[in-house]
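Written below as structure tokens is the structure these notes are about.
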Number of protein chains: 2
Amino acid sequence: MAIDDLDRSILALLRDDARASYAEMGDRVGLSPSAVKRRMDRMIADDVIQGFTVLIDPEIDGRSTEAYVELFCRGTVAPHELRRVLSGIPDVDEAFTVTGSADAIVRIRARNPPHLEVALEKVRLAPQVDSTRSAIVLSRLFGPRGVD
Amino acid sequence: MAIDDLDRSILALLRDDARASYAEMGDRVGLSPSAVKRRMDRMIADDVIQGFTVLIDPEIDGRSTEAYVELFCRGTVAPHELRRVLSGIPDVDEAFTVTGSADAIVRIRARNPPHLEVALEKVRLAPQVDSTRSAIVLSRLFGPRGVD
DNA sequence: GCTGAAATTAGCCTGTT
DNA sequence: AACAGGCTAATTTCAGC
């Protein structure tokens with residue numbers, strides 16, 4: 001369950017290139033390929049590693065229209081209810097409960113402004129949602145710099 | 001330079017598992033392993049694929065304290081000025097200019113609440129920034145589902 | 001697409017705590 | 001005994017023709 005420095009080194013290598021071979025990673029961290037695989041398998045089983053993914057040019061990916069939407073809800077809403085409803089809207093990419101005047105923030109990533117509008121409408125129609133306040137992204141100044 | 005439906009299918013598979021073998025992807029999209037590799041190599045060369053990375057448990061990763069901060073600026077601020085200032089604050093992970101009453105939104109990811117407070121203070125001290133409005137993330141309901 | 005070369009994977013053995 | 005690493009061999013996957 002606990003993570004040691006060797007595990008952290010492997011994660012750092014994977015962050016840069018998730019398709020690196022066990023042999024190459026082993027060379028870099030001073031382990032045999034099998035030892036690297038065992039550690040990766042364990043981290044996957046322990047859910048330390050939650051998956052491997054590809055970084056795609058956002059333009060090509062065609063989901064460069066982004067918005068942040070604050071949700072203001074009626075009364076008290078159970079987080080899992082909100083999760084169930086919001087996760088059913090495909091263009092809702094992330095959702096959080098937050099401190100402050102809003103109850104939650106969702107990030108929408110759509111193909112273009114009309115798609116964004118449709119997704120926004122779906123969020124507003126959720127039964128728990130009283131009102132929303134949106135900020136549409138005009139330009140990405142930088143980031144993301146870390147990796148999830 | 002252009003991307004066809006087969007390329008898009010390959011990207012979709014990679015998004016779910018960037019360590020999938022060429023053979024497995026070939027089976028799923030109806031191509032030989034070499035054909036899949038040729039397409040991936042081309043997309044990497046064209047910078048459509050910008051890299052492969054790993055999704056790590058945010059807790060383990062140690063930057064699970066997140067906040068979204070709206071920035072309200074004095075007068076007119078050039079986006080590149082904002083980028084220069086904000087990118088100098090390490091825990092600021094992403095920054096956007098947006099529509100609405102705020103001028104920009106930044107996402108902060110810190111190791112723990114004290115680190116978050118320090119980063120927030122730095123943002124507030126930026127000369128262009130007049131005031132801020134923060135929402136600290138209490139819980140991640142889900143996501144991210146897409147990939148940048 | 002085929003084929004030699006390389007990587008992956010599972011089993012077994014060893015040394016350390 | 002429990003655990004982590006290395007080695008080996010069978011299988012799968014890869015990269016150049």
Side-chain angles (χ1 to χ4, degrees), chain A residues 1-63 144-148, chain B residues 1-64 111-112 143-148:
Chain A
M1 188 77 197
I3 295 306
D4 67 12
D5 285 343
L6 238 26
D7 290 323
R8 261 182 282 272
S9 306
I10 292 169
L11 290 176
L13 293 174
L14 286 171
R15 217 183 56 170
D16 283 348
D17 179 13
R19 283 184 76 85
S21 72
Y22 296 120
E24 190 184 320
M25 291 188 276
D27 280 350
R28 287 183 189 270
V29 302
L31 285 177
S32 71
S34 4
V36 174
K37 182 184 191 301
R38 265 197 289 268
R39 281 170 178 271
M40 277 177 57
D41 286 346
R42 179 176 49 73
M43 288 193 280
I44 291 167
D46 290 353
D47 225 41
V48 171
I49 290 175
Q50 300 184 337
F52 303 98
T53 194
V54 62
L55 302 170
I56 300 167
D57 179 344
E59 290 299 325
I60 301 293
D61 194 28
R63 294 188 58 193
R145 304 205 276 203
V147 175
D148 289 328
Chain B
M1 189 73 195
I3 295 306
D4 68 13
D5 284 343
L6 240 26
D7 290 324
R8 261 182 282 272
S9 306
I10 292 169
L11 290 176
L13 293 175
L14 286 171
R15 216 182 57 170
D16 283 348
D17 179 14
R19 281 184 78 84
S21 70
Y22 296 120
E24 190 183 319
M25 291 188 275
D27 280 351
R28 287 182 190 272
V29 303
L31 243 43
S32 73
S34 359
V36 174
K37 183 182 191 302
R38 268 195 288 270
R39 282 170 179 269
M40 276 177 57
D41 287 347
R42 181 175 50 70
M43 287 192 281
I44 291 167
D46 290 353
D47 224 42
V48 171
I49 290 176
Q50 300 183 337
F52 302 98
T53 195
V54 63
L55 301 171
I56 300 168
D57 180 346
E59 291 296 328
I60 301 295
D61 197 27
R63 292 188 60 192
S64 52
R111 176 163 291 277
N112 51 40
R145 303 203 278 200
V147 173
D148 290 328

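Here is the naming used below: chain letters follow the sequence lines, and residue numbers restart at 1 for every chain. The basis for the numbers below is simple: all heavy atoms, side chains too, and nothing from hydrogens, waters or symmetry mates. No experiment lies behind these values; they were computed from the predicted model shown.
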Stretch residues 7-14 of chain B: residues that reach within less than 4.0 Å of DNA chain C through a heavy atom = none

request  = Look only at the side chain of A:Thr53 and the backbone of B:Arg15, and say whether a donor-acceptor pair between them is shorter than 3.5 Å.
outcome  = yes

inquiry  = Applying side-chain contact (heavy atoms from CB on, under 4.5 Å) to B:Ile49 and A:Leu55, what does each step give before you reach the verdict?
reply    = CA-CA 6 Å; B:Ile49 290 176; A:Leu55 302 170; over 6 Å; no

Filtered N/O pairs between nucleotides 5-9 of chain C and protein, under 3.5 Å:
unit_1	atom_1	unit_2	atom_2	d
C:dT8	OP2	A:Tyr22	N	2.9
C:dT9	OP2	A:Tyr22	OH	3.2

message = Just to verify, what does A:Arg8 make a salt bridge (charged side-chain N to carboxylate O under 4.0 Å, His left out) with, not counting sequence neighbours?
response = A:Asp5

request  = Classify the nucleic acid contact of A:Arg38 as base, sugar-phosphate or nothing, counting any heavy atom under 4.0 Å across all strands shown.
outcome  = base

task = Report the residues that fulfil salt bridge (charged side-chain N to carboxylate O under 4.0 Å, His left out) with A:Asp16, sequence neighbours left out, ordered by chain and then residue number.
result = none

message = Are there over 12 heavy-atom neighbours, none belonging to B:Arg42, within less than 6.0 Å of that residue's CZ?
response = yes

Show me, pair by pair, the donor-acceptor contacts under 3.5 angstrom made by side chains of residues 21-32 of chain B, not counting sequence neighbours?
unit_1	atom_1	unit_2	atom_2	d
B:Ser21	OG	B:Glu24	N	3.1
B:Ser32	OG	B:Ala35	N	3.3

message = To check you understand the geometry: which heavy-atom pair defines the closest contact between B:Leu11 and A:Val54, and what is its length?
response = O-CG1, 4.1 Å

query = Reading DNA chain D 5' to 3', which nucleotide is the first, and which the last, to come under 4.0 Å of any heavy atom in chain A?
reply = D:dA4 to D:dC7

query = So which heavy atom on A:Arg19 is nearest to which on B:Ala18, and how close?
reply = NH1-O, 2.7 Å

message = Using the salt bridge (charged side-chain N to carboxylate O under 4.0 Å, His left out) definition, which of the options B:Arg39, B:Lys37, B:Arg38 pairs with B:Asp41?
response = B:Lys37

query = Do you know which two heavy atoms are closest between B:Leu6 and B:Asp4, and how far apart they sit?
reply = N-OD1, 3.1 Å

